[in-house]
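Only one structure is covered here, and it is reproduced in the block below.
Hydrogens, waters and symmetry mates play no part in the numbers below; they use all other heavy atoms, side chains included.
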Amino acid sequence: MKYVLITGGVVSGLGKGVTASSIGVVLQACGLRVTSIKIGFWACFWVLFFSTSNPYLNTDAGTMSPFEHGEVFVLDDGGEVDLDLGNYERFLDVTLTKDNNVTTGKIYQSVLDKERKGDYLGKTVQVVPHITDAIKDRIEAVALIPVDGKEGPADVCVIELGGTVGDIESMPFIEALRQLSFSVGKDNFCLIHVSLIPVLGVVGEQKTKPTQHSVRELRALGLTPHLLACRSAQPLLDNTKMKLSQFCHVEAANILNIHDVPNIWHIPLLLRNQNAHHSILKQLNLLSIATPPDLEAWTRRAETFDNLTDSVRIAMVGKYVGLTDSYLSVVKALLHACIACSLKPSIDWIALQTLRMILPNRYRISNTFAIAIFAPEAYAAAWKSLRNAECVLVPGGFGDRGVSGMILAAKYARENNVPYLGICLGMQISVIEYARSVLGLEKANSNEFDDETPDPVVIFMPEGSRTHMGSTMRLGSRRTLFQTPDCVTSKLYCNPYYVDERHRHRYEVNPDVIGVLEEAGLKFVGKDETGKRMEVLELPSHPFYVGVQFHPEFKSRPGKPSALFLGLILAARGKLEAYLTRHQNGS
């Protein structure tokens, strides 16, 4: 097994995940099979493996706040993982497992479980060697898991170490990786350190000192970088490279510059143009096996996006719009669909509270006009964005905050024939709105928001725990059976029978109200294999009004957009019918 370790220095948020993914793409383009873990791994015509390691005490990302860490990415096997694994899957078009996300919580839990079983035979359990050995064993085991649909292990494991060198939380991982580099040998280990080259506004000079200190700290911990990946606003100057080479003990040819680019699809091209693949392959003794990198598809994709001029306005009405990374996969899925339609996505982020603010009773004049009176500018701006949008998307979320704003958005889209896609909670919202507005059930609600509602149209469906939050939902890839081949959703998926998509939820549409909802015109065209769980709803009288209980965004890929996101964008431009007719005719 060959290992490529990605570390970061100076500051967090430099883009280690995108860098690791891009390195995987370039190696994959050289004919290697690639797969991935975080602490970090990945595969190519050969096999690369991405693995990311997070020094969090959490067992997984399932209970982390999206405001603090961004979205929780869900894998086929139900793993709730760091959003970087979403980058790996999208860039490399692989299917990762929950084992590809190594966390401090998982490592310590496994060691403590062994201690309780007596596996250590009475020895004193310590960070070194027991925790570090567990980290090495986990990396080496996960590196063998194929993720590209082929048999056999990966050839290269790309390991992204989360955090910044020097963080106290990452010290056991650094030590374990130092030991790993020694045990596998110098021809099987390549370390790439991602660092920042800032420019002080007054001086205007590219400063290398932060990177020098970062590399010095890494070397003091027993790891010496073979390549530097330097993040900067502008391309590095030659004298900056020479200074880095001299004081960081890295060959000038191995100093890569990842400067700001119009879109992240340029990063693999940037690395290829600097012969990053040659330096990595040389370090790993793979030059005789690898082929010249073929990145034609990536080049076309990056250039196509750069040259787009027409845009489509999308209203994103969500609970976590304060941090766009909370909906990273949704944004990427919209991008993939828009590119397929030769459009640029123009997303208007609409905070739920600005559509309708729920105020304490003593202040409330009326629900509808409360925000208009207390925050008129925000109210007017939110409704202007919604009315100007060509389509509306309501993504997933948890809790009752801002639900009334979501209901207003769903109602507006339904009544005004604006294409609408509701994902997970967004589907449940469309059911609540329909029950209230069309069936006249004014108190219709979800048990998640109101346990005592007389008309529970969304209920808790036991497949998880009511008391534990982590890994207790309906998670992972599940099959949805289409009830009719004539529905829009089955036509978009080009499959009249079923589709497999990823889930993450606790609540579902109440099966007891399906009959009355369908009599009123709302059709549930997709169900699970038992027929009791509603998976897809459509409103046949509407140009495009679709709600899905699953999360189609998690399987969207560049060049292979999610079918439902593609349908939303096509409907926004009035091209859906023509597209479906063309595909039905086999053209």
Scan for side-chain hydrogen bond (donor to acceptor under 3.5 Å, both in side chains) pairs involving residues 189-210, sequence neighbours excluded, and state none if there are none.
Thr7-His193, His193-Ser214, Ser195-Thr211, Glu205-Lys207, Gln206-Thr240, Thr208-Gln212
Applying the side-chain contact (heavy atoms from CB on, under 4.5 Å) criterion to Ser21, which one of Asn87, Leu85, Ile6 satisfies it?
Asn87
For the CG atom on Asp260, are there more than 12 heavy atoms of other groups (residues, nucleotides or ligands in this structure) within a distance under 6.0 Å?
yes
Counting only heavy atoms not in Leu200, do more than 12 sit closer than 6.0 Å to its CG atom?
yes
Whether His336 and Trp265 hold their rings parallel, tilted or perpendicular, with breakpoints at 30° and 60°:
parallel
Does any non-hydrogen side-chain atom of Ile145 lie less than 4.5 Å from one of Pro153?
no
Check: Gln283 and Val4 side chains under 4.5 Å, non-hydrogen atoms:
no
What pairs of residues pass the side-chain hydrogen bond (donor to acceptor under 3.5 Å, both in side chains) test when at least one of them lies in residues 171-190, not counting sequence neighbours?
Lys2-Asn188, Lys136-Gln179, Glu175-Arg178, Glu175-Gln179
Among Ile255, Leu227, Thr224, find the one that has a side-chain contact (heavy atoms from CB on, under 4.5 Å) with Val250.
Ile255
Qualifying residue for salt bridge (Lys or Arg N to Asp or Glu O under 4.0 Å) with Glu89, from Lys555, Arg502, Lys332
Arg502
Pairwise side-chain contact, Pro395 with Leu393, heavy-atom cut-off 4.5 Å (strictly under):
yes
Salt bridge (Lys or Arg N to Asp or Glu O under 4.0 Å) partner of Glu535, chosen from Arg478, Arg479, Arg474
Arg474
With rounding to the nearest 0.5 angstrom, report the OG to CG distance, Ser477 to Leu75.
11.0 Å
Can you name the nearest heavy-atom pair linking Cys248 to Arg219, along with the distance?
O-NH1, 4.4 Å
Hey, does Ile423 have a side-chain heavy atom less than 4.5 Å from the side chain of Phe565?
yes
Tyr327 vs Trp349 aromatic rings, parallel, tilted or perpendicular, using cut-offs 30° and 60°?
parallel
Side chain to side chain, Ser232 and Asn257, heavy atoms closer than 4.5 Å:
yes
Can you find a heavy atom in the side chain of His213 that is under 4.5 Å from one in the side chain of Val10?
no
Identify the heavy atoms of Arg533 and Glu508 that sit nearest to each other, and give their distance.
NH1-OE2, 2.6 Å
So for atom CZ, which belongs to Phe182, do other residues, nucleotides or ligands contribute more than 12 heavy atoms lying within a distance under 6.0 Å?
no
Hey, is the main chain of Gly163 close enough, under 3.5 Å, to the side chain of Asp167 for a donor-acceptor pair?
no
Does some side-chain heavy atom of Ile264 sit less than 4.5 Å from a side-chain heavy atom of Phe91?
yes
Distance only, no hydrogens: is a donor on one side chain within 3.5 Å (strictly under) of an acceptor on the other, for Thr480 and Asp528?
no
Decide yes or no for Arg138 and Ile107: does some side-chain heavy atom of the first lie under 4.5 Å from some side-chain heavy atom of the second?
yes
